[in-house]
Amino acid sequence: MRRTLLILRRDLRLALRQGSDSFAAVMFFVMAVALFPFGVGPEPNMLARIGSGILWVTALMASMLALERLFQNDYDDGSLELLALAPLPLEAVVIAKIAAHWIATALPLIAAAPVLALLLHAPAEILAPLALALLLGTPTISLLGAVGAALIIGSRRGGVLLSLLVLPLAIPVLIFGVGAVEAALMGLPARPYFLVLAAFLLAALPLCPWAAAAAIRQALE
Amino acid sequence: MTRFTGDDVACVRGERTVFFGLSFQLGAGELLLLTGPNGSGKSTLLRLMAGLSRPIGGRIQWDGEDIAAEPERHRSRLQYVGHADAVKPQLSVKENLGFWASLARDGVSPGAAIEDALAAFGMEALRDMPSRFLSAGQRRRLALARILVAPAALWLLDEPAASLDDAAVQALDHALQSHGANGGIAVVSTHIGLAGETATRARVLDLTPARARPVVGTLA
């Protein structure tokens, strides 16, 4: 546990010093969402209706951007080998790296989402459900993405491959994430959607680090 | 009595047999030098010894127990320096070393050990420098300082002398000597000769294909 926190702290410090990866993801998110009113026309009703979908899809794309380098940097400079040889299970290393990645990239996205929702003319009552849905959904996406990121270690043009591998798996999260916001919009209870999102997270939490660690071992052979 | 042994080890990379029928026996305080031309499998053998990959045939054992049986126990007794330096350019020299030190050690604060390791490789003055300004030789020194911050019974060093200057090679030599004096085992791959006593004390395992194959388990 102490060692897991140590890796988490190191990765956060690296993300903070480097900055570019998580900053790029947030800027991509803001930029892509800001483009939609130009593309579909600035009609407030239309934007309010499709707003939650836009936010979720672009948030998903933005997290793919940053996930590509999750293990690659450590693999390139030899750190991943040493982390695999450290006296803690590789699964714990993976969990620490995912947690650091989520804090560094997904939290800023979640913070930006309500602001962008207002930009899309979304009614104020969906802001809280939107943030909560993202809060429950993005960890699952990071976990799924970690499996993809571990599988593409060492491959060229890994980013495209990563999206092809991970995005189909993220569809259920997308459906229920958007569903929660839509339900709030129509005044229906959003709770069932949150529960399903939480269930996805609980299923991914033990399975994904295990799969990602197996993929990393394979890559290091 | 600590014993690190390999018995009839074989390794295949891709479709090519890198080596087979390779045996070695190391007791406490002994140093094994791996020699041979590029591509003869020195790094591969070190990775097998670290447990990063598995041999396709044969056994590698520590005190009679296969290293794959208890991978975590094996990992906690070894220090590995690969050909990559694992130095993060965004962190300072001390932060880089500090991370690996606290990761390897149990509980105790590694402060003093970090200072000692930096001093051993003449890096004290660079303590707070961002690692992105280090030269290749300095990064190598930093990677080697890592093996001193946490005590380990087994050192596996892949071409440790690459891009080191004379002073640093001497420091490495000295580190290997005191490691041996404390009963530690070291396996070092090199095509550059190590200096002085370390070299004379060392046993040599030549992986040159023509020499390694006909004589099963060469140990000069």
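Just so we're on the same page: letters track the sequence lines, and every chain starts at 1. Keep in mind the model is a prediction, meaning the values are calculated, not measured. Any value given below was found using the heavy atoms of this structure, including those in side chains, with hydrogens, waters and symmetry copies removed.
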note = side chain to side chain donor-acceptor pair (under 3.5 Å) filter on R75(B), not counting sequence neighbours, yields none

How long is the straight-line distance from [atom2] of [Y] back to [atom1] of [X], given to the nearest 0.5 Å?
X: R2(A); Y: S102(B); atom1: CZ; atom2: OG; value: 6.5 Å
X: L85(A); Y: S76(B); atom1: CG; atom2: OG; value: 11.0 Å
X: L103(B); Y: L82(A); atom1: CG; atom2: CG; value: 9.5 Å
X: F99(B); Y: L6(A); atom1: CZ; atom2: CG; value: 5.5 Å

Determine whether more than 12 heavy atoms belonging to other residues, nucleotides or ligands lie under 6.0 Å from atom [atom1] of [X].
X: E65(B); atom1: CD; answer: yes
X: Y193(A); atom1: OH; answer: no
X: M31(A); atom1: CE; answer: no

Region of [X] in contact with chain A, defined by heavy-atom distances below 4.5 Å:
X: A104(B); answer: backbone
X: R54(B); answer: both
X: L48(B); answer: neither

message = Please identify, among S53(B), G82(B), G51(B), the residue contributing the most non-hydrogen atom pairs under 4.5 Å to chain A.
response = S53(B)

query = For chain A, which of R77(B), E72(B), Q79(B) has the most heavy-atom pairs under 4.5 Å?
reply = E72(B)

query = For R9(A), is it the side chain, the backbone, both, or neither that has a heavy atom closer than 4.5 Å to a heavy atom of chain B?
reply = neither

message = Please classify the contact of L80(A) with chain B as side chain, backbone, both or neither, using a heavy-atom distance under 4.5 Å.
response = neither

ask   = Taking only heavy atoms into account, what residues of residues 84-97 of chain B are found under 4.5 Å from chain A?
value = A84(B), D85(B), A86(B), V87(B), K88(B), Q90(B), L91(B), S92(B), E95(B)

query = Between R47(B) and E81(A), is there a salt bridge with N-O shorter than 4.0 Å?
reply = yes

